[in-house]
Amino acid sequence: MTEAERAEKIMRFIYALRSHGVTDAGVLRAMERIDRGAFVKGIFADRAYDDTPLPIACGQTISQPSVVALMTEALEVTPRDKVLEVGTGSGYQAAILSLLARRVYTVERHRTLVAEARAVFDKLGLTNIIAMASDGSFGLPEQAPFDRIMVTAAAEDPPGPLMQQLRVGGIMVVPVGQSDHVQSLIKVRRLESGYDYEELRPVRFVPLLEGMARD
Ligand code: SAH
């Protein structure tokens with residue numbers, strides 16, 4: 001791909017995000033800066049700028065860019081925030097978050113994906129992301145509380161440990177529902193006195209599974 005072709009693809013990519021209702025300038029800038037092509041390997045690399053989920057290693061998927069953008073926008077990240085992402089996958093979502101937050105912790109149950117994502121973070125010079133192999137259904141108690149939590153796998157209910165690890169005033173975005181159905185993207189705000197829930201839109205994610213994977 002020539003530089004001109006690449007610039008054209010990125011322009012169309014950002015246009016597609018806008019047409020999905022993404023308006024936050026910071027989110028659009030981050031999505032323009034992070035090359036999705038760096039997170040997609042082999043035969044699918046050509047389609048990195050299409051607004052579609054694509055297969056990655058370990059039978060998982062990199063999410064659809066418009067869904068990444070809308071979830072990032074909903075998380076209302078500020079430069080002071082310590083963010084937890086559950087479900088590193090390719091690392092693409094964590095990379096976007098890293099441009100908006102102070103620090104991003106991202107956890108994944110497939111060790112292979114953690115290693116691959118770390119290599120891409122290094123290559124892109126993203127030094128404020130800490131990627132760890134662990135079961136994110138329990139959160140990351142040693143680093144809690146978090147200002148923001150993003151879950152990129154679907155849970156039947158927002159996991160209790162994640163609710164507890166959210167700081168008062170914090171926001172969590174999580175797809176909720178049975179894995180073989182359309183799920184609902186939920187925005188949870190932790191208040192002094194409890195939690196407030198807002199249903200954002202239907203989504204479809206792989207399930208949040210308990211325990212580490214073998215690879
Ligand atoms: N955010 C990713 C896409 C996530 S796909 C990206 O930007 O590419 C969902 C990921 O969640 C998968 O890689 C899956 O292995 C992971 N996952 C599922 N259950 C998990 C759990 N309990 N802990 C950590 N990761 C989990």
Side-chain angles (χ1 to χ4, degrees), residues 17 27 30-31 34-42 44-45 47-75 77 83-101 104-121 124 126 129-141 143 146 148-163 165 172-180 183 185 203-215:
L17 298 180
V27 173
M31 305 247 344
I34 297 292
D35 176 11
R36 189 167 183 253
F39 297 88
V40 182
K41 309 229 155 52
F44 296 106
R47 296 173 58 192
Y49 285 102
D50 293 353
D51 189 25
T52 176
L54 292 169
I56 56 172
C58 305
Q60 304 303 315
T61 49
I62 177 171
S63 312
Q64 186 175 351
S66 56
V67 173
V68 169
L70 289 165
M71 286 174 77
T72 308
E73 198 168 58
L75 204 60
V77 183
V83 180
L84 172 66
E85 182 200 21
V86 175
T88 312
S90 67
Y92 179 61
Q93 172 73 76
I96 304 284
L97 290 170
S98 79
L99 297 189
L100 302 167
V104 178
Y105 291 87
T106 180
V107 296
E108 167 60 55
R109 62 190 288 279
H110 287 276
R111 290 183 181 81
T112 309
L113 292 177
V114 175
E116 289 185 5
R118 277 189 189 140
V120 184
F121 300 149
L124 300 183
L126 304 172
I129 308 177
I130 297 164
M132 292 161 71
S134 96
D135 178 355
S137 15
F138 299 105
L140 197 57
Q143 293 299 338
F146 295 95
R148 301 287 185 264
I149 299 178
M150 181 180 290
V151 187
T152 62
E156 289 194 16
D157 293 298
L162 296 181
M163 302 280 279
Q165 290 171 32
M172 169 160 70
V173 172
V174 52
V176 171
Q178 310 246 309
S179 59
D180 48 351
Q183 306 124 9
L185 189 63
V203 282
R204 193 161 191 161
F205 276 86
V206 300
L208 186 74
L209 299 174
E210 284 204 6
M212 293 300 292
R214 272 192 233 143
D215 51 354

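Whatever order the structure lists ligands and atoms in, that order sets their numbers, starting from 1. Values below: all heavy atoms of this structure, side chains included; hydrogens, waters and symmetry mates excluded.
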So is there a nitrogen or oxygen of [X] less than 3.5 Å from a nitrogen or oxygen in ligand 1?
{"X": "Leu113", "answer": "no"}
{"X": "Gly136", "answer": "yes"}
{"X": "Ser63", "answer": "no"}
{"X": "Glu210", "answer": "no"}
{"X": "Gly87", "answer": "yes"}

Just go through Met71, Glu85, Gln60, Gln64 and tell me whose heavy atom is the nearest to atom 1 (N) of ligand 1. Glu85
For ligand 1, is there an atom lying under 4.0 Å from some heavy atom of [X]?
{"X": "Cys58", "answer": "no"}
{"X": "Ala95", "answer": "no"}
{"X": "Ile56", "answer": "no"}

Could you find the nearest protein heavy atom to [atom] and give me its residue, atom name and distance?
{"atom": "atom 15 (O) of ligand 1", "answer": "Glu108 OE2, 2.6 Å"}
{"atom": "atom 25 (N) of ligand 1", "answer": "Arg109 N, 3.3 Å"}
{"atom": "atom 4 (C) of ligand 1", "answer": "Thr152 OG1, 3.4 Å"}

Which ligand 1 atoms are under 4.0 Å away from a heavy-atom of [X]?
{"X": "His110", "result": "15 (O)"}
{"X": "Ser134", "result": "23 (N), 24 (C)"}
{"X": "Ser90", "result": "6 (C), 7 (O), 8 (O)"}

Taking non-hydrogen atoms only, is [X] closer than 4.0 angstrom to ligand 1 via side chain, backbone, both or neither?
{"X": "Ala213", "result": "neither"}
{"X": "Val107", "result": "backbone"}
{"X": "Asp135", "result": "both"}

Minimum-distance pair of heavy atoms, taken over all atoms of Ala117 and Gly89: CB-O, 4.4 Å
Side chains of Ser66 and Asp51: is there a donor and an acceptor less than 3.5 Å apart? yes
Flag if over 12 foreign heavy atoms under 6.0 Å of CZ, Arg118: yes
CA sep, side-chain torsions, deciding dist, call: Leu208, Val174, side-chain contact (heavy atoms from CB on, under 4.5 Å): CA-CA 10 Å; Leu208 186 74; Val174 52; over 6 Å; no
